[in-house]
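Below, chains carry the letters A, B, ... as their sequence lines are ordered, and counting in each starts from 1. From a predicted model like this one, the values you see are computed outputs, not experimental measurements.
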Amino acid sequence: MLDIRLLREDPTFVKEQLARRDPVFSEMVDAVLACDQKRREAETQVQQLRSERNRLSKEIGILKSHHQRTDALEREVKSSAHQLELLEETSRKLQEEQRTLLLNVPNLPHRNTPDGSDASKNVVVRSWGEPRNKQNEDHLLLGERLGLFDFNRASKLSGSGYVCLTGKGARLERALINFLLDLQTEEHGYKEMGMPLLVNREVMEGTGQLPKFEEEMYGVDGGLQFLTPTAEVSLTNFYRDEILHQRELPLKLVACTPCFRRESGAAGRDRRGLIRMHQFHKVELVKICSPDQADEELATLTGDAERALELLELPYRVLEICTGDLGFHSMRTYDLEVWAPGQGSFLEVSSCSQCGDYQARRMNLRYKNQEGKNEFCHTLNGSGTALPRLYVALLETHTQPNGPLLLPEPLQFYFGASSIP
RNA sequence: GGUGAGGUGGCUGAGUGGUCGAAAGCAGCGCUUUGCUAAAGCGCCGUACUUGAAAAGGUACCGAGGGUUCGAAUCCCUCCCUCACCGCCA
């Protein structure tokens, strides 16, 4: 959520910045400001009426303590009660309307985010390793040959978009998870967390999944709670409504959780295989920091995720996402794409985003700065990484033609063997 | 799920219808004094919204939402959460 004061003080700037994403967002600014204007007028009237009521009531109290008659005053207060009620209702509605409008305005892009209308304008900022194109088998065939997973039986249980990992295949995912978590906790200093998967509406609103993307989420109990689409939701909201001490920032959290997504907008896309699932595991990195730390923390967070791919000997590239392709709550994002030889393409396995105070304002997450003033924190998140696509890249990269899957060295300890025959 | 007790400022904790945004203590900040790693005294010390050029005002907030009342932290109702005990259960 953007700061309404920024919109009031410099609407031109806000419109310009939103236009970098898409001109349609600029048009929202005037609507918000019109509502803000009406809201403040109503609020001022309510406050004046209440002030008058408080004054009279206080007077009644004093008179009563002197055993004097107060009928006239009481009648006076009563006479404006109805009007006050109506105005309060108006004011409340306008407040809600303004919040709703504001919740649907995306974050402003970072000054360094490259301009561009769509994904084709994303910028490759670096790459690592050689994406060999040796006509490897597709991970579906490899998984079948090695006996790692079963899609047909998964569809009996849950329909399409689910997988059952079987035997060594299940163990391989567990090994990957343990490897990733140990890397982030022991080498990069993140605190490991085990988080709830069902969260309340306000929590989903805090990180920006609601209200705009409700159709992408799995709700339960008639929409009172939601299955988290990423641990970003639970981890970032962990300190919501709190005031942190500057000295404890940045906070660095990591959790591996199942993630649930309807993928309703992607019907038909990536239907086969592990690439787009309704449920998948993901190791998520979250940082909460002060504004001056945020740029640097995004760089290190991205590096922390990249390190995992390097240790697994998986070639990848890093894309800087342009304004037109930027996620709703992000001001700057680096995507990590791992090379999948069987697909002949790069797969997005991580999206590392800097969110400024956009989420923190929504969830009222603050810290006390050096002057003792409360200020909104900045939040960052990134995958480290999503499991299924990492799994695809691992299979397609390290399985020998008609041979075993040779595990990269760091994984062998976790898997308990050096290969899967 | 049942019963009971609770939810007040960064923390502890008083406050059962009127001048209470809320005592006191701790923590924090500032000053004074004395001085061996500190003590004592004094002062300051919530948040959000809003009016105003500013100075300075106003409104709201005592778990959430309703209600009673001229007036609610305080009374009533509903819900949520915490704690204790019981029941059930991985």
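A distance of about 15 Å separates the C1' atoms of B:G17 and B:A22, rounded to the whole Å. Spacing between B:G7 and B:U74 at atom C1', rounded to whole Å, works out to 15 Å. Of the P atoms belonging to B:A27 and B:A84, the separation is 29 Å, rounded to the nearest Å. Only the P atoms considered, B:G9 is 22 Å distant from B:A5, to the nearest whole Å. When the P atom is used for both B:C62 and B:A53, the distance is 32 Å, rounded to whole Å. Across B:C81 and B:G63, the matching C1' atoms stand 7 Å from one another, rounded to whole Å. Remark: the separation of the P atoms in B:C49 and B:C44 is 26 Å, to the nearest Å. B:C86 and B:C45 have their C1' atoms separated by 46 Å, with the value rounded to a whole Å.
Nearest-nucleotide positions on RNA chain B place A:E43 closer to the 5' end than the other of A:V46 and A:E43.
Across the protein-nucleic acid pair, A:D3 atom CG and B:C49 atom C1' stand 13 Å apart, rounded to whole Å. Rounded to a whole Å, the CG atom of A:L49 is 15 Å from the C1' atom of B:A60. Between the C1' atom of B:U50 and the CD atom of A:Q95 lies a distance of 11 Å, rounded to the nearest Å. Here B:A48 presents its P atom at 13 Å from CE of A:M1, a figure rounded to the nearest Å. Between the CZ atom of A:R50 and the P atom of B:G21 there is a distance of 15 Å, given to the nearest Å. Look at CG on A:N374: it is 16 Å from P on B:C45, rounded to the nearest Å. A:H67 places its NE2 atom 14 Å from the P atom of B:G18, with the value rounded to the nearest Å. Remark: C1' of B:C49 and CD of A:E96 are 16 Å apart, rounded to the nearest angstrom.
Between A:R39 and the phosphate of B:U50, there is a side-chain N or O to OP1/OP2 separation shorter than 4.0 Å. Taking only side-chain nitrogens and oxygens, A:N54 comes nearer than 4.0 Å to OP1 or OP2 of B:U59. Proximity of A:S51 to the phosphate of B:U59: a side-chain N or O atom is located under 4.0 Å from OP1 or OP2. When the side-chain nitrogen and oxygen atoms of A:R40 are compared with OP1 and OP2 of B:C49, none of them lie within a distance under 4.0 Å.
The nucleotide B:C61 finds its pairing partner in B:G46, both defining distances of the Watson-Crick or G-U wobble pair being shorter than 3.5 Å. The nucleotide B:A56 finds its pairing partner in B:U51, both defining distances of the Watson-Crick or G-U wobble pair being shorter than 3.5 Å. With a cut-off of 3.5 Å on both Watson-Crick or G-U wobble distances, the partner of B:U32 is given as B:A40. The base-pairing partner of B:G9, taking Watson-Crick or G-U wobble contacts with both distances under 3.5 Å, does not exist among the strands shown. B:G4 and B:C83 make up a base pair, with Watson-Crick or G-U wobble contacts both under 3.5 Å.
For the residue pair A:Y391/A:E173, the side-chain donor-acceptor check at 3.5 Å is not satisfied. Counted by atom type alone, A:N381 and A:S353 present zero donor-acceptor pairs between their side chains at under 3.5 Å. In this structure, a donor-acceptor pair under 3.5 Å is present between the side chains of A:Q343 and A:H139. Side-chain N/O atoms of A:S80 and A:Q83 include no donor and acceptor closer than 3.5 Å. Between the side chains of A:E320 and A:T113, no donor-acceptor pair is found at a separation under 3.5 Å. In this structure, a donor-acceptor pair under 3.5 Å is absent between the side chains of A:Q45 and A:E41.
Among the protein residues, A:R5 comes within range of the sugar-phosphate backbone only, with heavy atoms under 4.0 Å from sugar or phosphate atoms but none that close to a base. If you check every strand for non-hydrogen atoms under 4.0 Å, A:R55 touches nothing. Residue-level contact check: A:R99 touches neither bases nor backbone, having no heavy atom under 4.0 Å from any strand.
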What protein N or O atoms touch nucleotides 67-70 of chain B N or O atoms at under 3.5 angstrom, if any, and at what distances?
residue : atom : partner : partner atom : Å
B:C70   : OP1  : A:K78   : NZ           : 3.2
B:C70   : O2'  : A:S57   : OG           : 3.2
B:C70   : N4   : A:K64   : NZ           : 3.2

Might you list the N or O atoms of the protein lying below 3.5 Å from N or O atoms in nucleotides 79-82 of chain B, with each pair's distance?
none

At a cut-off of 3.5 Å, list every protein nitrogen or oxygen paired with a nitrogen or oxygen from nucleotides 8-13 of chain B, distance to 0.1 Å.
none

Is there a side chain to side chain contact (heavy atoms under 4.5 Å, CB included) between A:Y367 and A:E248? Walk through the geometry before answering.
CA-CA 10 Å; A:Y367 76 101; A:E248 59 188 329; over 6 Å; no

Between A:L390 and A:L180, does the side chain to side chain contact (heavy atoms under 4.5 Å, CB included) criterion hold? Intermediate values first, please.
CA-CA 11 Å; A:L390 184 67; A:L180 294 169; 4.0 Å; yes

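Considering only the side chain of A:R8, B:U50 comes nearest among B:G58, B:U47, B:U50. Comparing atom distances between the A:I62 side chain and each of B:U47, B:U19, B:A60 picks out B:U19 as nearest.
A:R389 places no side-chain N or O within donor-acceptor distance of the main-chain N or O of A:R276, the cut-off being under 3.5 Å.
Two residues are said to be in side-chain contact when any heavy atoms from C-beta on lie closer than 4.5 Å; A:L142 and A:L148 fail this criterion.
Applying the side-chain hydrogen bond (donor to acceptor under 3.5 Å, both in side chains) test between A:T379 and each of A:R362, A:K287, A:Q359 identifies A:Q359 as the sole match. Only one option out of A:T323, A:V29, A:N107 pairs with A:L18 in a side chain to side chain contact (heavy atoms under 4.5 Å, CB included); it is A:V29. A salt bridge (charged side-chain N to carboxylate O under 4.0 Å, His left out) with A:E74 is found for one member of A:K64, A:R53, A:R69 and no other, namely A:K64.
Cation-pi geometry between A:R174 and A:Y414 is not met at under 6.0 angstrom from the ring centre and within 45 degrees of the axis.
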